[in-house]
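What follows is a short report on a single structure.
Counting from 1, the numbers follow the sequence of the chain as shown. Fair warning: this is a prediction, and the values are worked out from it, not measured in the lab. All values below were derived from every heavy atom in this structure, side-chain atoms included, with hydrogens, water molecules and symmetry-related copies excluded.
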Amino acid sequence: MAILLGLLLFVLAAITATRVLEGVPHSQDEVAYLFQARLFARGELYRPSLPEEVRPFFDHEFVVNNGKWYGKYPPLTSALLAPVDAIGVPWLMNAVLGAAAAFLLYRLTTSVFSARTGLLAAGLFAVSPFSVLMSSGFMSHAVALVLNLVFFIALTRVSLSAAGSSTWRWHFVAGVAVGLEVLARPYNSVLLLTVYGLVWLRMALRDNARFRATALRDIVWFGSPLLLLVAMILVYNRALTGDPLLFGHQVYSPWDQVGFGPRGVEGASEYDLQDLRSNLRLNLKAVDSKLIAWPGTWLLAAAPLAFLGRRREVAALALSFLVAQITAYAAYFHAGVYMGPRYWYEATWVLLVLVAEGISVLTGAVGRWRGAKVGGWSWALVAMLLVVGSIRSDTIKLPGFEGYNAISRPVLPEFETPALVFIPARENWQAYGRYFSLQSPFIEEEAVVFARDGAGSNVHDERPLQSNQLLVRYLPGRYVYRLEPGSSGRLVLLSRP
């Protein structure tokens, strides 16, 4: 059943990715991940930037272009994207990871609560619009969620194991998960390290003799893969930025930091408590509209019942992790609402687990009152209604994301190639971004090259326009076209090779 639920999420994500989102990026972040994936597919970490006079024709948000040309994000997501993008199905990465997350959530929840709670939690996750949407694009959150779940499964095996049992393997798995998290979303790894430290401290206080006997061994098995993977990100940073401790996003914007003060990506503005409260409201609103398809987030009222069950301590620890994730990202200036509260994605599964456990506690009480068979059937009926009702709701909600964020796959008439197409791009990022994402960083090899008309920037309005002839001379032997402003793909031929 858990495998089938994973397959269900895969199917929902595949349909959403291909038919609703059209298999194209819908944010600058996704464009940057794909850009870097295409570098990796060719065995390169970066490309030398084009000559300075033509470089601005290809500027794009979140892509560093300062002599080296590369995406600003850590490498793991793009590394996973590279092979599936190379065969033309980049959406496949997160769809597979979403299915894996559903199964891992079942395994984790079953190990600490019950099989019923695990199945229902996986079912709610599989049909959540939030899960489906995060499994349909190219963001790093699906990668981070799988690593989080692997980490917590390993940590659960460690903390629940009997005295004298061999747990070094699970410390090793936890270390690998945290290390890979550093390569995907480094900020999240700080939370996982904190959780590991707290569990380690708890073990020391509760079973001091056992702790002393295995502490050094466990730390070595946890720390060895972690240090190796941290070394990899330091080497990666050194190659891209010249400084092992300087990340690409910091090169792109020195104001892209955690905490209050001047913060931003394209310029800086003051981030204060009022902005923090506004960000929290936006994320809570996104939870309300995306997390539970049917009957809606009022179902969260079942979550407190989880604290009436036998594993109330585990429920409290899970809830504290969600609160920690929310608190950590409250310190970041960007709200992060994109197809849902994406900065919370790696922890919102906690709410679904608490709801599932609450329903299991309630139907268990029915079983004690009316008999085990009645309790079992009542649980099965509730689970079926929630999953089937949510699937029906998904078929209504998810198609509404077509053209999300003002992005759709470009449709152009047939034209002569090799071609150079100038795109009017000063209005917004989507004007050029939807075309930029169709090409690789290896511009000279592309049959069709999309460039900013006049090197116009939607970010730096003060930058004067340049003559398109600069690029025409740099890329000779091409048919030159211009996309008419405001048109739906109408091209004007400017010159022939």
Side-chain angles (χ1 to χ4, degrees), residues 1-2 5 8-9 101-132 134 145 149 152 156 283-326 340-341 344-394 397:
M1 284 298 298
L5 289 171
L8 171 61
L9 175 53
F103 182 74
L104 290 170
L105 183 59
Y106 162 76
R107 293 297 300 269
L108 172 63
T109 309
T110 297
S111 67
V112 294
F113 290 106
S114 67
R116 284 185 182 179
T117 298
L119 275 177
L120 184 52
L124 291 172
F125 178 83
V127 295
S128 167
F130 192 22
S131 304
V132 174
M134 286 289 99
L145 174 60
L149 293 172
F152 280 109
T156 299
N283 279 279
L284 287 170
K285 184 178 179 181
V287 167
D288 184 56
S289 62
K290 306 291 190 307
L291 184 62
I292 297 174
W294 183 88
T297 47
W298 71 265
L299 187 63
L300 293 176
L305 296 176
F307 295 91
L308 301 178
R310 291 177 295 175
R311 304 311 299 269
R312 59 180 65 90
E313 180 183 348
V314 176
L317 288 171
L319 184 60
S320 67
F321 173 69
L322 172 63
V323 172
Q325 179 90 7
I326 292 171
W344 298 2
Y345 182 62
E346 296 89 327
T348 47
W349 54 268
V350 169
L351 293 174
L352 301 180
V353 169
L354 295 180
V355 166
E357 173 65 1
I359 291 172
S360 295
V361 168
L362 181 61
T363 54
V366 171
R368 289 190 293 275
W369 174 46
R370 301 294 296 176
K373 184 176 290 188
V374 174
W377 279 108
S378 63
W379 176 88
L381 178 61
V382 170
M384 184 181 68
L385 287 173
L386 291 175
V387 172
V388 173
S390 289
I391 292 173
R392 183 178 181 280
S393 183
D394 282 339
K397 286 185 175 184

Let me check something: any side-chain donor-acceptor pairs from residues 305-312 under 3.5 Å, sequence neighbours excluded? List them with distances.
residue, atom, partner, partner atom, Å
Arg311, NH1, Val112, O, 3.0
Arg312, NE, Phe307, O, 3.2
Arg312, NH2, Gly309, O, 3.2

I'd like to know if the side chain of [X] and the backbone of [Y] have a donor-acceptor N/O pair within less than 3.5 Å.
X      : Y      : value
Ser128 : Leu124 : no
Thr363 : Ser378 : no
Ser393 : Ser390 : no
Thr109 : Tyr106 : no
Ser111 : Leu108 : yes

How far does [atom1] of [X] sit from [atom2] of [Y], to the nearest 0.5 angstrom?
X      : Y      : atom1 : atom2 : value
Leu145 : Met134 : CG    : CE    : 11.0 Å
Leu105 : Leu9   : CG    : CG    : 11.0 Å
Trp298 : Ile292 : CH2   : CD1   : 9.5 Å
Thr156 : Leu317 : OG1   : CG    : 10.0 Å

Please find the pair of heavy atoms, one from [X] and one from [Y], that lie closest to each other, and give the distance.
X      : Y      : value
Leu5   : Gly123 : CD1-N, 3.6 Å
Thr110 : Gly118 : OG1-CA, 3.7 Å
Leu291 : Leu351 : CD2-CD1, 3.8 Å
Leu299 : Ile359 : CD1-CD1, 4.4 Å
Ala2   : Leu119 : N-CD2, 3.8 Å
Phe130 : Thr348 : CE2-OG1, 3.6 Å

### Message
With side chain to side chain contact (heavy atoms under 4.5 Å, CB included) as the criterion, how do Val366 and Trp377 come out once you've worked through the C-alpha distance, each side chain's angles and the decisive distance to 0.1 Å?
### Response
CA-CA 10 Å; Val366 171; Trp377 279 108; over 6 Å; no
### Task
For the pair Trp349 and Phe321, name the ring-plane relationship: parallel under 30°, tilted 30 to 60°, perpendicular over 60°.
tilted
### Task
Check whether any side-chain heavy atom of Ile391 lies under 4.5 Å from a side-chain heavy atom of Leu8, and answer yes or no.
yes
#### Entry: Val127 and Val388, any side-chain heavy atoms less than 4.5 Å apart
no
### Task
Scan side-chain atoms only and decide if Thr117 and Ser360 contain a donor-acceptor pair under the 3.5 Å cut-off.
yes
### Listed partners of Phe113 passing ring pair (Phe, Tyr, Trp, His ring centres under 6.0 Å), at least two apart
none
### Task
I would like to know whether Val374 and Trp369 meet side chain to side chain contact (heavy atoms under 4.5 Å, CB included); could you show each step before the answer?
CA-CA 9 Å; Val374 174; Trp369 174 46; over 6 Å; no
#### Entry: Contacts of type side-chain hydrogen bond (donor to acceptor under 3.5 Å, both in side chains), residue Thr297, not counting sequence neighbours
Asp288
